[in-house]
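To keep things clear, I will list the structure first and then write my remarks on it.
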Amino acid sequence: MSDNFLPFALPCLGEEEINEVVDTLRSGWLTTGPKTKRFEEDFAKFVGQPYALAVNSCTAGLHLALEAIGIRAGDKVITTPYTFTATAEVIRYLGADPLFVDIDPKTFNIDTHKLATTLDNVDGVKAILPVHFGGQACEMDPILDLAARASIKIVEDAAHALPTYYKGRMIGNFGDISVYSFYVTKTVATGEGGMIVTANPDYAERIRTMRLHGINRDIFNRASSNLLGWSYEVVAPGFKYNMTDIAAALGIHQLQKANTFLQRRADIAAQYTQGLSDLPVRTPYLNPYSTHAWHLYVIQLELEELTLDRNTFTERMNAAGIGTSVHFIPLHLQRYWRDRYGFKPEDFPVALDVYQRVVSLPIYPSMSDADIARVISTIRKILIEAQK
Ligand SMILES: *Cc1c(COP(=O)(O)O)cnc(C)c1O
């Protein structure tokens, strides 16, 4: 890698984040405390929901969400194979099984027609776990309808969707529970971290207890109450999923910048779409019902018109000093999922086809216009040379 390698992703941290972390360190309160509480309050206000519960990852949050809605061994939870393994692994944590439904070829979100057919034909489905791929909303109206008709719950994997609006309403206001990620590559980053949002007080209560050892009061309340400050009650074998105040210190300021970050990401996306418009690639489809959080900018190579495949393309980008990624390697091709359920690649033909064409380009607020121009000119050079 040369000195001027352009990484695929970088967090965008300013003096505000640095000062808040230093303040946290000086305060002596490193784990869940006042900063986490403030981050939760800010987040609840941002999304417009009564309950926001901070955790140490989106994976932890999805696990807690499924636990709270009562997913048990033997249940089935519908999601797509076109996601990160975390979405499906949490279903297995509870002894339940994911039921994969293929994606829409334009948005890479769950195909709601196939979802309807699956619900008509399979027993034992307890929940739908839609993933808002790349930052565009799933078709929430049909999903809400189908879930209501089948009397099942919706837990949204909103790891890419901060912020995303579906028909003018922010994601986080549709399903029973929504879960966000603050992993280092995500639109709002705390290194590791996640947030669970819900309107349901019972789910909030259960999640609050289960995220910290099944204890019915968190450490902050315990330490600040003077009556038997050392006392607590264990009500369940919970988990250790609480967020640290060091992470929350980052999150408080990242959240304040979320809309500014989005403007820059959208600007980068517009420059890419314009600069690549005459090449044998498909630029991202824009669903008229959804805004785009631009967590990912995913192009699809028109392989029929090219003499190279996707892997050769990403190698050439890398050789030219530009980082790229692939979202996602479909879960049904991964050994664990393939072997457990006996999947064949063609079981999810849309996911398979899309996977072979996609490349995720760098898109983060600290990219300069020169960086964007360099990505475009490098892609132009590679693809024009490889045109049939
Ligand atoms: C990143 C990601 C997760 C997991 O987030 P963590 O905070 O790293 O646990 C889950 N689902 C999707 C779709 C993701 O991209």
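These figures come from a predicted structure and were not determined experimentally. As the structure lists them, so they are numbered: ligands from 1, and atoms in each ligand from 1. Just the heavy atoms: all of them, side chains too, but no hydrogens, waters or symmetry mates, feed the values below.
Taking every heavy atom of Thr87 and a limit of under 4.0 angstrom, the matching atoms of ligand 1 come to 11 (N). Counting atoms of ligand 1 from 1 in the listed order, those under 4.0 Å from a heavy atom of Thr83 are 13 (C). Of all atoms in ligand 1, listed by their number and element, those nearer than 4.0 Å to a heavy atom of Ser181 are 5 (O), 6 (P), 7 (O). Shown in contact with Thr59 at under 4.0 Å from a heavy atom are these atoms of ligand 1, numbered in order with element: 4 (C), 6 (P), 9 (O). Remark: ligand 1 atoms within the under-4.0 Å shell around heavy atoms of Tyr183 are 8 (O).
Of all non-hydrogen atoms in Ala249 and Thr24, the two that sit nearest each other are CB-OG1, 3.4 Å.
In Tyr183, the OH atom is not crowded: 12 or fewer heavy atoms of neighbouring residues, nucleotides or ligands sit closer than 6.0 Å.
No side-chain donor from either of Ser57 and Tyr241 sits under 3.5 Å from a side-chain acceptor of the other. Between the side chains of His253 and Glu17, no donor-acceptor pair is found at a separation under 3.5 Å.
Although no hydrogens or angles enter the test, the distance criterion places no donor-acceptor pair under 3.5 Å between the side chain of His160 and the main chain of Phe133.
Inclusion of Cys58 in the set of residues having an N or O under 3.5 Å from an N or O of ligand 1 is warranted.
Residue His160 holds the heavy atom nearest to atom 15 (O) of ligand 1 of all those in His63, His160, His132, His327.
Electrostatic pairing of Asp104 and Lys114 does not count as a salt bridge here, judged by no charged N lying under 4.0 Å from a carboxylate O. Between Glu41 and Lys37 there is a salt bridge, with a side-chain nitrogen of the basic residue lying less than 4.0 Å from a carboxylate oxygen of the acidic one. Note on Lys388 versus Glu302: no salt bridge recorded, every NZ/NE/NH1/NH2 to OD/OE distance being 4.0 Å or above.
Residue contacts with ligand 1: Lys186 is included, with a non-hydrogen atom under 4.0 Å away. Between Gly193 and ligand 1 there is a heavy-atom distance shorter than 4.0 Å.
For Ala159, every heavy-atom contact with ligand 1 shorter than 4.0 Å involves the side chain, none the backbone.
The protein non-hydrogen atom at the shortest distance from atom 10 (C) of ligand 1 is Asp157 OD2, 3.5 Å.
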